[in-house]
Amino acid sequence: MLKMFRLLLLVRAFDALGLVAAQSISSASSVPRITDPASLVIPFIGTTNGGHVFPGATIPHGMVKVGMDTDSPGNHAGYDGDPKFNATGFSQLHDSGTGGAVPLSNFKIWPIAQCSSFDKCATSLDGRKTLRKVLPNGLPDDFASPGYFSSNLSNSIRVELTSTRRAALHRYTFPAGTTHPRIVVDITNDGQRSSTNPVMTLDPDTAEVKGGASFAASFGPGRYSAFTCVNFKGEGFTLQKPTEYGVWLADFPVQGTTNLLQVYYGFIDELGALFTFPPAPSGPTTILVRVGVSFISSDQACTNAQEEIPDFDFDKVHAASRGLWNDVLGRVQVGTANVDMETVQLLYSSIYRTHISPADYTGENPKWNSTEPYFDSFYCNWDTYRTLYPLMSLHDPVMFSRIVRGLINIQKHEGWLPECRGATAMHFIQGGSNADPILGEFFVKFHDQAAALSVSPTDLYNALLADAEIQPPNWNLQGRQADVWKSLGYVPDDMFDAGGANTKQVSRTLEYAFDDFAISQVAKALGKTADQKKYAARAANFANVWNPNITVPGSPDIAGMMQPRFANGTFNFTDPRHCSIHDPAQATCFLNAANRDGFYEGSPIIYVPQDNAKLIQLQGGVDKFVERLNFIFDQEYFEATDEPSQQMPFMYHYANRPGLSTQRSRQVIAQLFNTSTNGLPGNDDSGAMGSYAAFYLAGLYPLPATRQFLLSSPFFPQISFFNPAFNSTTTIKANGFQGNPSTGTGGHVFIQSVTVNGKPYKSNCFLDWDVFTSGSVVELTLTDNINVTCGKGKDALPPSLSTGGYD
Ligand SMILES: *[C@@H]1O[C@H](CO)[C@@H](O)[C@H](O)[C@H]1NC(C)=O
Ligand SMILES: *[C@@H]1O[C@H](CO)[C@@H](O)[C@H](O)[C@H]1NC(C)=O
Ligand SMILES: *[C@@H]1O[C@H](CO)[C@@H](O)[C@H](O)[C@H]1NC(C)=O
Ligand SMILES: *[C@@H]1O[C@H](CO)[C@@H](O)[C@H](O)[C@H]1NC(C)=O
Ligand SMILES: *[C@@H]1O[C@H](CO)[C@@H](O)[C@H](O)[C@H]1NC(C)=O
Ligand SMILES: *[C@@H]1O[C@H](CO)[C@@H](O)[C@H](O)[C@H]1NC(C)=O
Ligand SMILES: *[C@@H]1O[C@H](CO)[C@@H](O)[C@H](O)[C@H]1NC(C)=O
Ligand SMILES: *[C@@H]1O[C@H](CO)[C@@H](O)[C@H](O)[C@H]1NC(C)=O
Ligand SMILES: *[C@@H]1O[C@H](CO)[C@@H](O)[C@H](O)[C@H]1NC(C)=O
């Protein structure tokens, strides 16, 4: 009796603390913890073949991203992994995985071991070009890991880089016997040669350099100003004051000058400082270069550097950065039995790239003062809303909440949420007002934690309403073409009102519909029933651009397409093969005002995410829907590198054929993602592709701004996510895991049944967010039968809007 009573009490206590009970189950597993996940990250993935990935040193979401710049075409993140390209400098700010013009390759530092005299040193970008050493395997002698980058130049200078949020620390080791170690500071070469209004002074005693200039933005009409503050220190010896110093322009260093205005001549846009230092009294000379950066002033750049790297301790800065990386990466843990090391590296490398952008520019906003966080490098939300922020929901909610606060703060000051932004300037909109689903993603999942995370629900909702209801002066740069969207329910092909170029009308219709879906989800969480209904109705507007009579030439069964529509209700026509490899016009569908086909980076065969039940109905039923998905993959209409395609491998779930989703998504990984420098299809898009691959490897696919994740089997016997907002860990176990088929085809990988905390779950096809907040153990029973289903119950299929799924 007494014993039973005690047991009951214990059970009640466990019920109240469901999370503790769950954690004790998961910690009972014997999977060893990966304590140094940074060692599994390969930052060079995507550094060739147009990935435009930044492989240098940064902290998670750091403003400073210090790395090597090369003279390669497409050096958007500075670097190229092909050793035939020369190094040209080591600059402090970059973005990762972007298109546009080269962004933020500002303030290059360059070491010179040898020149005949100070005046003859080649200081210009072309003049200083130097190849890297090449390893026996043909790769350049470069190394990178989270928070650290190093390289050996062909002239035997060794370069090492690390950073804090707003400052970089460089370590240059000159070859033994160097008598005149020299260092160039380059103020103007930003990767685009766009600088105007350069300023710079140098101190002949301390060698401190302060300067800055105005530069062109990367993907928009704006400009920005950036400033730097550079200081030097010897490592292992006291660096004496420079023996020679001066301002240089192009290849003409002028000894003894201290102010750029003494030599500046407006037609030459390459300017900086050059110093000659006395070498170390014995052994090789190692010089530390501390580079502070600011978007406010060079004084602030000095303060940033002094506060963040007061003692020039390279190893300490590096260890602190690596600690931050291990903290965030270590929240995702996997079992590795029966898994290739490359798959484990691919997972952590993919997650790593989701924490490079957006960048924390708090304290560096030149446009207004605020105590709220300021984030930049949203490049672009159209790319990242689908998978990057849902991944953040799973393991990094505090960073997510700060980014959301930053977005809301931009709306408060500029009127609309940013869609695309870089270097403090507005960039061109690719789709809709795609910060809306990011705010939706946050609020739908964290509304109960909003106060604790300092996010104001009122401000968040008002920011969404501004996008939804108020037409901005230029919808190419912010907001939406809201008036016509409200009056017609689609963006017509033939309306030129004053707000922006009349392009991407069909894509924008689909995106606006999804944006409004996100708003309806937020309204629901806020208990605003009328608004929930209003925006859910607007979310259904995507069907307004569906023309049932269009077929793919040669495939009459594939009938019905999204199409451009005129204001009078009749349709224009865009070939359904458009923007695919079968497009007779071979259109690129990139951003281009002359492009009037109505589509952006996706053919008319691409869909909306929130209402697959309606799509199935429009397409003529489940069998037609599956037939079309098969057609899309088999005929290569699927384009993983363009985000609107990303969900398509998982769409079989809505036809109750989750085995096909598992197979397609695994084939995508097998064919397109690996740990080589070319192991990315196209640009990484600020981590969008990284988060996409990470979800596929985890056996999940997110529906942003909902409380559901589509479920497949992970590439690991188990994977867990620790969520600091709930102090809970959720573990997905693939019972009987036998490894991953190398081609992605077949295998013992299909889900037969699912339990959560030991109880049969309502669906084999998705998990509710509650599973993750409470810290659960999800157990999957696997089979090699691809004909598995979502289950039998009425809630087995993932929800869709038109079937009341989100009410
Ligand atoms: C690297 O620099 C050298 C010397 O300036 C030049 O001859 C060579 O063409 C450069 N390589 C590339 C790929 O531009
Ligand atoms: C560069 O050379 C040093 C030896 O001087 C070596 O330790 C290092 O591994 C080499 N490679 C890189 C990328 O640093
Ligand atoms: C922000 O505040 C500082 C200090 O008061 C002031 O110098 C600066 O001009 C302000 N910046 C803006 C953009 O208002
Ligand atoms: C599609 O074709 C049918 C039959 O010819 C016609 O009634 C209908 O108006 C067409 N719809 C559109 C949108 O053109
Ligand atoms: C609808 O508008 C288009 C384009 O402005 C025009 O070509 C077409 O003739 C119009 N159709 C009708 C029925 O008014
Ligand atoms: C119909 O679409 C074509 C290209 O797809 C475009 O060139 C044309 O301007 C559109 N017609 C109208 C009236 O907007
Ligand atoms: C890596 O993937 C790319 C495509 O994204 C492919 O071209 C390349 O052959 C793959 N490399 C290896 C080693 O599998
Ligand atoms: C988080 O949970 C662990 C046990 O799982 C507990 O030891 C720790 O105190 C909790 N932390 C907080 C802040 O509640
Ligand atoms: C799955 O279904 C297909 C089509 O009905 C059938 O050909 C195949 O044999 C089934 N596979 C298994 C493993 O039952």
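As the structure lists them, so they are numbered: ligands from 1, and atoms in each ligand from 1. All residue numbers in this chain count up from 1 along the given sequence.
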Of the choices Phe573, Phe566, Phe599, which has the non-hydrogen atom that lies closest to atom 12 (C) of ligand 6?
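The option holding the nearest heavy atom is Phe566.
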
Scan the protein's non-hydrogen atoms and note whether one is under 4.0 Å from atom 2 (O) of ligand 5.
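Looking at atom 2 (O) of ligand 5, one finds that a protein heavy atom does lie closer than 4.0 Å.
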
Is atom 14 (O) of ligand 5 less than 4.0 angstrom from some protein heavy atom?
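At least one protein heavy atom is under 4.0 Å away.
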
What heavy-atom pair brings His395 and Leu391 nearest, and what distance separates the two atoms?
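Taking every non-hydrogen atom into account, ND1-O, 2.8 Å.
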
Search all heavy atoms of Val334 against all heavy atoms of Val31 and return the closest pair with its distance.
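Smallest interatomic distance, heavy atoms only, reads O-CG1, 3.9 Å.
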
What's the shortest distance from [atom] to any protein heavy atom, and which residue and atom give it?
| atom | value |
| --- | --- |
| atom 4 (C) of ligand 6 | Arg596 O, 4.2 Å |
| atom 9 (O) of ligand 5 | Asn568 ND2, 4.7 Å |
| atom 5 (O) of ligand 5 | Asp494 OD2, 2.9 Å |

Counting only heavy atoms not in Lys486 (residues, nucleotides, ligands), do more than 12 fall under 6.0 Å from its NZ?
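Yes, enclosed.
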
Distance to the ring centre below 6.0 angstrom and angle to the axis at most 45 degrees; does that hold for Lys445 and Phe709?
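Yes, Lys445 lies over the aromatic ring of Phe709.
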
Is the positively charged end of Arg480 above the ring of Tyr512, judged by distance under 6.0 angstrom from the centroid and angle within 45° of the axis?
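Yes, Arg480 lies over the aromatic ring of Tyr512.
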
When you compare ligand 6 with Asn572, is there at least one nitrogen or oxygen pair between them that comes in under 3.5 angstrom?
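Yes; the residue has a nitrogen or oxygen that sits under 3.5 Å from a nitrogen or oxygen of the ligand.
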
By number and element, which atoms of ligand 6 are closer than 4.0 Å to a non-hydrogen atom of Asp493?
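So the atoms of ligand 6 that pass are 1 (C), 2 (O), 10 (C), 14 (O).
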
For the pair Ser555 (side chain) and Ile558 (backbone), establish whether a donor and an acceptor sit closer than 3.5 Å, ignoring hydrogens and angles.
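Here the side-chain-to-backbone pair does not exist.
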
